[in-house]
Amino acid sequence: MVKYDPKTWLSLIFHSYSRQVMKTLFPALLAMGLYTSGIVFLFLEVFDFRFSSTHVVHSLLGIVLGLFLVFRVNSAYDRWWEGRKLWGLLLNNSRNLAAKISSFISKDDDVNRRFFAQMIPNFAMSMKEHLREGVDLEDLDIVEDVLDRVKGKNHIPNTISLMIYERITQMYNEKKITGEQFFVLDKEVKEFSDILGGCERIRNTPIPYSYSMFIKKFIFTYTVTLPFAFLFDFLYWTVPIVLMVFFILVSVELIAEEIEDPFGRDVNDLPTDDLCEKIKNNVRELLIH
Amino acid sequence: MVKYDPKTWLSLIFHSYSRQVMKTLFPALLAMGLYTSGIVFLFLEVFDFRFSSTHVVHSLLGIVLGLFLVFRVNSAYDRWWEGRKLWGLLLNNSRNLAAKISSFISKDDDVNRRFFAQMIPNFAMSMKEHLREGVDLEDLDIVEDVLDRVKGKNHIPNTISLMIYERITQMYNEKKITGEQFFVLDKEVKEFSDILGGCERIRNTPIPYSYSMFIKKFIFTYTVTLPFAFLFDFLYWTVPIVLMVFFILVSVELIAEEIEDPFGRDVNDLPTDDLCEKIKNNVRELLIH
Amino acid sequence: MVKYDPKTWLSLIFHSYSRQVMKTLFPALLAMGLYTSGIVFLFLEVFDFRFSSTHVVHSLLGIVLGLFLVFRVNSAYDRWWEGRKLWGLLLNNSRNLAAKISSFISKDDDVNRRFFAQMIPNFAMSMKEHLREGVDLEDLDIVEDVLDRVKGKNHIPNTISLMIYERITQMYNEKKITGEQFFVLDKEVKEFSDILGGCERIRNTPIPYSYSMFIKKFIFTYTVTLPFAFLFDFLYWTVPIVLMVFFILVSVELIAEEIEDPFGRDVNDLPTDDLCEKIKNNVRELLIH
Amino acid sequence: MVKYDPKTWLSLIFHSYSRQVMKTLFPALLAMGLYTSGIVFLFLEVFDFRFSSTHVVHSLLGIVLGLFLVFRVNSAYDRWWEGRKLWGLLLNNSRNLAAKISSFISKDDDVNRRFFAQMIPNFAMSMKEHLREGVDLEDLDIVEDVLDRVKGKNHIPNTISLMIYERITQMYNEKKITGEQFFVLDKEVKEFSDILGGCERIRNTPIPYSYSMFIKKFIFTYTVTLPFAFLFDFLYWTVPIVLMVFFILVSVELIAEEIEDPFGRDVNDLPTDDLCEKIKNNVRELLIH
Amino acid sequence: MVKYDPKTWLSLIFHSYSRQVMKTLFPALLAMGLYTSGIVFLFLEVFDFRFSSTHVVHSLLGIVLGLFLVFRVNSAYDRWWEGRKLWGLLLNNSRNLAAKISSFISKDDDVNRRFFAQMIPNFAMSMKEHLREGVDLEDLDIVEDVLDRVKGKNHIPNTISLMIYERITQMYNEKKITGEQFFVLDKEVKEFSDILGGCERIRNTPIPYSYSMFIKKFIFTYTVTLPFAFLFDFLYWTVPIVLMVFFILVSVELIAEEIEDPFGRDVNDLPTDDLCEKIKNNVRELLIH
């Protein structure tokens, strides 16, 4: 995530979009420019053929298209914000779980303290990578005897969450924690799994196929017919005007696409690396004095 | 569900809609095209009768219609997303329930382990089919002695959920699990039934009759009167223009209808088959070592 | 509730509205038609007086009015959907409560089994009637000795919910259920009362008085001044145009009014009769083998 | 709250707004009328100066303003509805708490029964007054020995809620209720305090200062410049047209202001007096046989 | 936070914005005024060059821009309201925790009473400062022996919340409170940490970079091209008209920026200082008689 001050207007106005967006936008603008110039040239210089302009159709459809784009961006923003909420919860929960365990078990129980000090941050780290390309076990902080269980599993974060839960049940069976304390810890671990499920859902489910297709078809049809609406009014000025409209419409959709999946490494993505680091430091501080 | 990359503009723009949508859209477009051509021909060539155009009425109503369509799509999308959430919860819950039971009961309790390893995925599978046409008992993975209880019941997923709950109560009565553990499992099973209820609600309740009727009446009235608004301005160009507007308005409503019921086998529907398979593998891995 | 297939366009387009809506709509359309015809006739034939048209005012206000109507319908739809959710929960909860009680108490406890098999469906049935005109005790399925307690009470569903709760406390005091089981049942019964409260709220609270009044005043002012805007442009065509706009605006408000209170017997109302029947059958099946 | 039937169009259309709204609206309309008349007279009769009309600017800004007003009313409506939900919850919770206590303690425990039969309705009544001008102890139904503790406290509803909680803890310490029952009652009392907090939040927090200021500035700028847009097109007809637009815009904002704080004694306010009476009767019926 | 009466229209209309907003707005208005005047002068007096006006493009894009701005303000308002909810919860929770502890422990347990009477308000106070620039330990009310533990920690509110939790666990271990009471207090403390996490999320996460950039780019492009649309219609009147549109568009974005971060010391910010004071007084009153 880029850290930025939303109040610096000038730099924001003249800063270019992310490379990802520009890579799609630039060729599209070029193609649209050529197409519009061609149309304008043909009708003004070559063909001897005039028709009255159709502003009214594009005004009407423009509002409908505008409404769709605004809702598109907002549903993308809602996902982004939900992803942010889930990661905020993860930070909170990791701290809570560590704090509770630390105050429940004795100060000398080094084995369990070290276990949780490793496994709680491991959950966050493996979840972060799981939401990108997949987990590389090298990134985790795992002791030898645990490594065997994790290796070869498909779903590393789930395996780790299960190991945490088993350890808690074991402490309960060994009467290291009471029934009420077991219950309190159970709720914390359950939330880990809900957070993971929520993030996987956001990551794996783009907006419905037909909806996405419809918006792109609509933008395409709209801009391809736009030159005919302006042709005889603005003559060669049609080209910059059509490009401006095209630029605005397409960049809305591109931004929505970028925001929609907030777990990658784009400028708009959530600062999951920083959050993992924070979880690691906090949990250590709480469990190992 | 079709897996697609939302960033591939070109293929999305030129790809045709799902067969279901085209089957409704194509005859409608044809009829509309014939109707508009007829009107235009009659007024331009046959009747000797002119009136001033009524752009203004269609502009005004067009915005209102646009607003309704956008909200229509969005309320359909909300259902789709709620359905997705519920299935995500089901996956999570199945894993959680299996993991908890696995860590509560002894490693040798083969009877109970096998029971839950069968019944938890059976719940998901029967729910998936229940939301389509009905459950075929052949699809489930059921041992002989259980089959009798399920056979002949109307509501298979409910019966399965009840059997899971009874088994847990029995384990509690036999002191295989403690009071706290019973309580923890009770909450997990309750969520199964909430998920099922949520999905049934989405599936069985289309938008209110009057609302649906109103939108269709509005689209119809709007497009049927549209040729009169463009007739004397665009002459024969009226036909493609009216068809474009008609195409956009009707496809919005058709897409909304498709998205609204997300449990079928359409391209927009949720990947419930995959999710069931995932649940089966996960639960097995957790319960049977 | 009318069962309908949202994909049958033709029948939906040409089907007339519910009788309730038509009864308000028809005289209003007639009055509006007469009024507009009168205005048009007076200004075109009688008065010798012309003014420039005011499309622009009606375009502007039309968008604002359109926005209000769309939000109006959507807040009505939200209530309808919330009512649907609550009834879905009721079905779920009745099943859950019955299933839990059935697995908690012994198979021979005929007294309690019969009590709950009667009272849980009675709650749903009395709630359904309570949300309409009031409860007729004949509709309920009540044994003699219970009838006395219910008779003469104002709020039948509440009395029934209280009786269920007292019976559960009694079973707890008699040690027929454990502390954890009491706790589990307490949560189920609490939800009954929340569902009832939610439905009463939807039923007893129309949208704020000023808001409702404002929308009606706005529609009235808008349509009454509309003929003046079209008069000199469309001449006698003004009458059908004004009627079309009027028809669309008023039917939106009428539909919103109908959807807003979803517990009656209109075509748009929820299928509460069916749901009650379902609850009755399900609960019986679960409790009495 | 005015009880009204939302389906009586005629009376709603011709009924005047609440006195509060009229008191602001009438002088504003008068001032605006004088101002517009002055402008029109000056430009038409006195100055010899013409400019082309600026419909386009007001059309454009009109849509933006309309959007703001609609969202303004809707966020006010959301508060109103949230307030209604909270009071619905209060009714439910009071009944639940009374019913649970009644079934937990013995039928002869007159002291505690009378205590809760007084204090639960006292909570609702003091909260109602607390959300208006402040609590008058005379309104409450308090026995002598309790009066001393309440007198002199700033926050009466909180004091009452605390007294209820202390009594429950005391009953738990005296083993009159079990641990599970204590837990169940704790949750009910916690909700009282959440309801109170929610209502205080709605009551004490108007929309942000800048936002409120912006909307009023926008309406003012818009209507003050409006005559210049219509002047040369509609001549003296400008006055009624501007007044109509002004009336609609300002009344939206006024209605939003009225709805936003739903705990007073306006026609739009919630029926809190009735609800308190209902709570009193219900709780008595439940606790004192 | 400025306390204001939303019903005083006159003062709100003529009151200027906050200094923060004016500091950005004034130079922008000046620059825009000079730019527009320059353009108008050049085209009217210097160049001999005319083109037809492009109202239609700006009308179309204006609606889209308006939609974006309205949604922008509303998502900012949602954060502001969420922040308000969280602080309301904090007040409630602090009172609840104090009341519960007070009724659980004996009246003579001065050590624990004083501990909580200090630490609960300390949590609120340190959280308030943490959301601004950072916590100055001087502001807190801390006894000597506790000071050492807090000093040198990065995250003061978390440390305080941990100390509260540890004290409760200790009281549970010393059997000063029962298992049910421990459970009840655990839930209250967990909410403290959720509130803190929610506020940190709002504070640290501005809207996505691309989205913020897009809106500013859009406003800029729109207003910079606006003079060309009005030039030949309104001549020198173009300057005030463009400035009015520019003023409205930019102030929407500025207001959104101000509202979005509600924990500072602006006029729009939440009254966190007052709330802290209230918490302090309430908690003291409850714990120390």
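The structure presented is a predicted model; accordingly, all values stated were derived computationally and were not measured.
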Working for side-chain contact (heavy atoms from CB on, under 4.5 Å), residues Val64(B) and Leu69(C): CA-CA 9 Å; Val64(B) 179; Leu69(C) 288 176; 5.8 Å; no
Ile255(C) and Met213(B): CA distance, side-chain angles, deciding distance, side-chain contact (heavy atoms from CB on, under 4.5 Å) verdict: CA-CA 10 Å; Ile255(C) 288 169; Met213(B) 199 162 68; over 6 Å; no
Test log, rule side-chain contact (heavy atoms from CB on, under 4.5 Å), inputs Thr205(B) and Trp80(C): CA-CA 11 Å; Thr205(B) 324; Trp80(C) 186 86; 3.4 Å; yes
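The aromatic rings of Phe71(C) and Phe71(B) lie perpendicular to each other, with more than 60° between the two planes, well past the 30° mark.
Ser193(B) touches chain C through backbone and side chain together, each having a heavy atom under 4.5 Å away. Contacts of Tyr211(B) with chain C are made by both backbone and side-chain atoms, with heavy-atom separations under 4.5 Å. Contact annotation for Arg84(C): both backbone and side-chain heavy atoms come within less than 4.5 Å of a heavy atom of chain B. Looking at Asn158(B), only its side chain comes within 4.5 Å of chain C, counting heavy atoms on both sides. Both the backbone and the side chain of Lys100(C) come within less than 4.5 Å of a heavy atom of chain B. Residue Phe68(B) touches chain C through both its backbone and its side chain, counting heavy-atom pairs closer than 4.5 Å. Interface remark: Trp87(C) contributes no atoms to any contact with chain B (heavy atom separation under 4.5 Å). Heavy-atom distances place both the backbone and the side chain of Leu67(C) under 4.5 Å from chain B. With a threshold of 4.5 angstrom between heavy atoms, Asn281(C) does not approach chain B through any atom at all. Within the 4.5 angstrom heavy-atom criterion, only side-chain atoms of Ile259(C), from C-beta onward, approach chain B.
In this structure, the separation between OG1 on Thr159(B) and CD on Glu285(C) is 7.0 Å, given to the nearest 0.5 Å. Ser103(C) contributes atom OG, which lies 8.5 Å from atom CG of Asn173(B) (distance to the nearest 0.5 angstrom). Here the NZ atom belonging to Lys190(B) is positioned 7.0 Å from the NZ atom belonging to Lys187(C), to the nearest 0.5 angstrom. The CG atom of Leu61(B) sits 5.0 Å away from the CD1 atom of Ile248(C) when rounded to the nearest 0.5 Å. Atom-to-atom distance recorded for Asn96(C):CG and Ser161(B):OG is 7.0 Å, nearest 0.5 angstrom. To the nearest 0.5 angstrom, Arg201(B) atom CZ is 11.5 Å from Leu91(C) atom CG.
When all heavy atoms are compared, the tightest approach of Ser210(B) to Glu258(C) is OG-OE1, 3.6 Å. Of all the heavy atoms in Leu162(B) and Ala99(C), the pair that sits closest is CD1-CB, 3.3 Å. Val57(B) and Phe230(C) make their closest contact through CG2-CZ, 3.8 Å (heavy atoms, listed as atom of the first residue, atom of the second, distance). Of all heavy-atom pairs between Glu180(C) and Phe182(B), the closest is CB-CD2, 4.1 Å. Scanning both residues, Asp194(B) and Asn92(C), for their nearest heavy atoms gives CA-ND2, 3.4 Å.
With sequence neighbours excluded, no residue forms a salt bridge (charged side-chain N to carboxylate O under 4.0 Å, His left out) with Lys278(C). The side chain to side chain donor-acceptor pair (under 3.5 Å) test applied to Arg203(C) returns no partner, not counting sequence neighbours.
The closest side-chain donor-acceptor pair between Tyr172(B) and Gln181(C), if any, does not fall under 3.5 angstrom.
Taking the side chain as every heavy atom from C-beta outward, Met244(C) and Tyr222(B) never approach each other to under 4.5 Å.
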